[in-house]
Amino acid sequence: MSQSSDITHDVLVVGAGLAGTWAAMIASQAGVTDVAILSKLHPLRSHSGAAQGGIAAALNNVRPINPNEKRGDLEPIPPGDDPIDSWELHMKDTIKGSAWLGDQNAIKIMVQDAIDIVYTYEHMGCVFSRTPDGRINQRRFGGHSVPRANFAADWTGHVLLHTVYEQACKQGVKFYSEWYALDLIVEDNVCKGLVAIDITTGELHLMRAKAVMFGTGGYGRAWRITSNATANTGDGVALAYNAGVPLMDMEFVQFHPTGLYRHGILMSEACRGEGGYLVNNSGDRFMEDYAPDRMELAPRDIVSRSEQTEIDEGRGVEADGQGIHLDMRHLGHERILERLPQVREIALKFAGVDIIDHPAPIQPTAHYSMGGIPADVNGQVIRDADGTPVTGFYAAGECACISVHGANRLGTNSLLGASVFGRRAGYAIAEFIQGGAQLQPIQGNPLERNRQRIARFKSDPANGKTESWAAVARELKDTMTTNVGIFRNETRLRKALDDIKRLQEHFGQVRVMDKSARFNTDILGALETKHLLTFSEVIAASALARTESRGAHSRTDHDAPDNGNWLKHTLAHPNDDDGPTLSYKAVDIDWDNHPPEVRKY
Amino acid sequence: MTNVTIRVQRFNPDVDQKPHLDEFQIELTQGKTILDALHEIKEEQDGSVTFRRSCRHAICGSCAMNVNGVNMLVCDAPLKDFVDRRGRVTIRPLPYLPIIKDLVVDRTSFWEQYQRVKPWLLPPDDVPEKEFRMSPDEVKALQDAEHCIMCGACYSACQVVAMSKKYIGPHALLKAFLRVLDPRDSAPGERLTDLDQGDGVFRCHTIFNCIDACPKHLNPTQAIETLRKLVMKRQAFEAARAQRQQSLDQPISVE
């Protein structure tokens, strides 16, 4: 059912972080005149802005003073001296970081485009930190064999986000700020638009578009301790799944090694990139036992597991033994103030610790979702192992699984992936529109369906019993933390699935207290909680099926990678009856140049 | 256990004649922030209490509010630091802005002024193959302005804004400063001419409220002062910029 009151656009992007804003800006620059972005927050509140440490690209601006040192000081590479980095080396590091689950064709594109995208950001006005001779400064990061994290102090994501937003404004992209997408409309494998609520007025709108692009971000909010913003409730992945699109590799969720103790707030990996130590309750740098070569700069999955092992074996810090110390005192006052000002402020404000004088208490924190909506290297969403496209539907950034990060993402590759594939999606969308794409008639009555959904939350329950969405969300986070955390096994994962099923039933009784139309965040909380339940089931089911340990997916009952059986992507297809149906998709591997190896650091 | 009374200003313009305060009891525990208290109220006591928030570590700029009469971000504000002598904390929306609902304000004028200063860089026509070269000192001069999170705490604390929404405001002037001072920007002259209008830099009364309100310890007043000086010597500044842009692709000389 289509009406003249429907909102229509050539391109409708959902999510105003780096991926979505790049896509909109590029599509507009490429000549598509009617491009709009919808975001449940003001665009500048997007979580891309919380990224701290850097964006990876082999610019060859700095090198270690002592070439054999994995740590130690860096210096600008003098003009004429040999480069130390290349996209090939960046590719090699990313493949190894991904535990060979990343698609190598996609990784190659990302690391090749990296160099141009960082220079483009610079040309657009991004204020990067500089070497004395005026080049973009670089620091070390975990899993990268050379310093290639290009940074702006420790608020890199913030400056990238503001820069790309400014450019999108300049370009005349239309923004629907504080609008929330409720329902994605895919009929006969064609994406036709969505239903959204204007949060301020509470009004529902049918929004039709020739192409819809999701850059809706991640879903760390399904765990109790997370670095993620309250907005990161996986709305996009849940919407896609509800519309019949499968989700890929959802079992791979990254726990960042340095979330602030009890808060989970990110303490940038740049703390270790600049030379910070991780120590246990005896003051030992325990990474020596787990990754003797790279130490604290091993990839995140390995460092988080090492920390959790120290904690589980009684060597944690703080009263409950659930913390680890991040010690930066030896970096000195000046370097901390210049390079890590935000991190210092966070530790001061939330833990009362000045990192100049004291170690900061930290713990692993749910951080990044490697899995998501399956898409090809142009952001085109696909629906099966053969790569059949969902016409008119694109995705990039954390909500998508392209898959460049495989089983574990390297730090600084997320800002990179969101930017590179957001940009590529923008070009692909422009081509699709200019190739004659049309608005498609919508068969059902999605507007009415969603009005009823919302009315139900405000209605009186049949049996007088109500449940609060906050209580459901809390229970879900408890079970996800306990049972689908850093270490998993069959018993725990089955328990999680049982809990999630029970909570999904409880959700039927959820009612809200706020019955008003205007800016109803109570309704949003309910809708977001439903999304958490939807994708959490997919995560647990995918994790239960994968009887191996690879990257961030670590099974105590299957503690090694099993390349014979499991070097493949999981595709979880929605199935009304009983949870997802799983199928598998081959990984793109260059067997001559980058065959799987033992992953040691 | 100590309890704290949280007083939250409530207002839904669809049904209420005027704002009123609702009181909620919250347990004061170690490490609890004002935002934590608001979440607790919403999730356990009254789901209709409405506020904006997202990142919860002072980088997204969503949760600027007025606590006990002072504008701040509530996400990194420890609850215990704001309990008054009567055991109360009073939370109101940012002042001088229309209220959408409860603690959520309408920032339309704030964003219009942001757009007005053309926040984007206007680079020179010749773009180098690699990066424009900037010295660490040139970057340092921009660091404050670059760090602004556009939370609106300064804007809503400004007495000039309170009188007239036509005034560009401290946030947008800080953004203008970022562009004017950036050696890569080719239009500092045009920008300074615009800032010289009646609602521009000379409208600031130098009351310093913006500095007090800024949760990131930035200094919009000083940026406005600098812009005023540059307005006065606009032509010389433009000439110096044109000169500087001749060598944007050249290494900074290191002593």
Side-chain angles (χ1 to χ4, degrees), chain A residues 41-42 44-47 49-50 59 79 118-119 122-125 127-136 152-153 155 157-159 162-163 166-167 169-170 177 200 229-231 262-263 265-266 341-342 345-346 349-351 468 470-471 474 512-522 525, chain B residues 12-15 31 33 39 42-44 46-62 76 78 100-102 104 106-107 111 115 118-121 123 127-136 138-139 142-143 146-147 149-150 178-179 182 184-185 250-254:
Chain A
L41 306 169
H42 183 278
L44 291 180
R45 316 299 182 213
S46 304
H47 200 55
L59 299 192
V118 172
Y119 287 139
E122 202 277 332
H123 298 156
M124 294 192 311
V127 184
F128 284 103
S129 297
R130 300 284 169 156
T131 62
D133 66 352
R135 285 175 282 175
I136 295 170
W155 48 66
H158 168 80
V159 301
H162 280 246
T163 303
E166 290 153 13
Q167 295 292 317
C169 290
K170 182 184 175 197
S177 190
T200 303
T230 55
R262 293 189 57 181
H263 292 273
I265 295 168
L266 183 62
Q342 185 184 190
E345 191 82 9
I346 288 169
K349 286 249 168 116
F350 291 94
S468 94
R474 212 157 25 234
V512 297
M513 293 173 73
D514 190 347
K515 314 284 187 191
S516 67
R518 177 185 282 264
F519 220 98
N520 192 327
T521 51
D522 210 9
Chain B
N12 179 348
D14 293 337
V15 289
T33 63
H39 273 141
K42 186 171 186 69
E43 293 179 6
E44 289 165 23
D46 185 347
S48 70
V49 170
T50 303
F51 52 92
R52 288 190 179 107
R53 84 287 185 253
S54 193
C55 77
R56 82 221 144 91
H57 65 276
I59 194 70
C60 81
S62 297
D76 69 352
I100 293 175
K101 185 173 166 185
D102 293 350
V104 176
D106 181 348
R107 285 184 171 102
W111 293 120
Q115 295 289 347
K118 298 192 174 72
W120 46 84
L121 183 81
V127 171
E129 191 187 328
K130 295 186 173 180
E131 65 271 72
F132 290 111
R133 297 292 183 115
M134 282 172 75
S135 75
E138 285 172 325
V139 168
L142 303 178
Q143 186 158 326
E146 174 203 4
H147 195 192
I149 59 172
M150 292 289 158
L178 176 71
R179 292 305 170 220
D182 191 321
R184 298 169 296 182
D185 195 86
Q250 297 299 312
I252 306 295
S253 65
V254 184

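Each chain gets a letter, A, B and so on, in the order its sequence line appears, and its residues count up from 1.
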Portion of A:I136 that has a non-hydrogen atom of chain B nearer than 4.5 angstrom: both

When A:S516, A:G49, A:S177, A:P132 are compared by non-hydrogen pairs under 4.5 Å with chain B, the top option: A:P132

A:R474, part contacting chain B, at a heavy-atom distance under 4.5 Å: side chain

Toward chain B, the part of A:H42 with a non-hydrogen atom under 4.5 Å: side chain

Closest heavy-atom pair and its distance - B:M150, A:L44: CG-CD1, 4.2 Å

4.5 Å side-chain heavy-atom contact, B:K42 and A:D522: yes

Between B:Q250, B:M134, B:E43, the one whose heavy-atom pairs under 4.5 Å with chain A are most numerous: B:M134

Intermediate values then yes/no, side chain to side chain donor-acceptor pair (under 3.5 Å), A:T200 and B:K101: CA-CA 9 Å; A:T200 303; B:K101 185 173 166 185; over 6 Å; no

Interatomic spacing from CD in B:Q115 to SG in A:C169 - rounded to 0.5 Å: 4.0 Å

B:L178 portion near chain A, given a 4.5 angstrom heavy-atom threshold: side chain

Distance (rounded to the nearest 0.5 Å) between B:R184 CZ and A:M124 CE: 10.5 Å

Side-chain donor or acceptor of B:K130 paired with backbone N/O of A:Y119 under 3.5 Å: no

Best-contacting candidate, B:E129, B:R53, B:H147, B:E44, against chain A by heavy atom pairs under 4.5 angstrom: B:H147

Main-chain N/O of A:H263 paired to B:R56 side chain as donor or acceptor, under 3.5 Å: yes

Minimum heavy-atom distance between A:F519 and B:I100, given as atom pair plus value: CD1-CG2, 3.9 Å

Residue that, paired with A:R130, satisfies side-chain contact (heavy atoms from CB on, under 4.5 Å) out of B:E138, B:R133, B:E131: B:E131

Polar side-chain atom of A:E122 near backbone of B:F132 as donor-acceptor pair, under 3.5 Å: yes

When B:P123, B:P136, B:C55, B:P78 are compared by non-hydrogen pairs under 4.5 Å with chain A, the top option: B:P136

Partner chain A: residue of B:S48, B:S54, B:P251 with the largest heavy-atom pair count (under 4.5 Å): B:S54

Residue pair A:F128, B:V139: steps toward the side-chain contact (heavy atoms from CB on, under 4.5 Å) verdict: CA-CA 8 Å; A:F128 284 103; B:V139 168; over 6 Å; no

When A:A153, A:S129, A:A50 are compared by non-hydrogen pairs under 4.5 Å with chain B, the top option: A:A50

Test item: B:H39 and A:T230 side chains (from C-beta on) under 4.5 Å apart, heavy atoms: yes

Contact winner vs chain A - B:A58, B:S135, B:G31, B:S62, heavy-atom pairs under 4.5 Å: B:S62

Chi angles and distances behind the side-chain contact (heavy atoms from CB on, under 4.5 Å) call for A:Q342, B:H57: CA-CA 10 Å; A:Q342 185 184 190; B:H57 65 276; 3.9 Å; yes

Distance, nearest 0.5 Å, that separates CD1 of B:I252 from OG1 of A:T131: 8.5 Å

Verdict with supporting geometry, A:E166 and B:R179, side-chain contact (heavy atoms from CB on, under 4.5 Å): CA-CA 12 Å; A:E166 290 153 13; B:R179 292 305 170 220; 2.4 Å; yes

Distance in Å, B:D102 CG paired with A:R518 CZ, rounded so as to fall on 0.5 Å steps: 10.5 Å

Side-chain heavy-atom pair B:R52, A:R45 within 4.5 angstrom cut-off: no

Straight-line distance of A:H158 NE2 to B:I59 CD1, nearest 0.5 Å: 5.0 Å

Option in A:N520, A:V159, A:V127 with maximal non-hydrogen atom pairs under 4.5 Å from chain B: A:V127

Option in A:K515, A:E345, A:R262, A:H47 with maximal non-hydrogen atom pairs under 4.5 Å from chain B: A:E345

Option in A:L41, A:I265, A:T163 with maximal non-hydrogen atom pairs under 4.5 Å from chain B: A:I265

Closest non-hydrogen atom pair, A:T521 against B:F51: CG2-O, 4.4 Å

Closest-packed option against chain A by number of heavy-atom pairs under 4.5 Å, given B:D46, B:D182, B:D185: B:D46

Residue B:V49 versus chain A: region with a heavy atom under 4.5 Å: backbone

Beyond-backbone contact of A:W155 with B:E146, side-chain heavy atoms, under 4.5 angstrom: yes

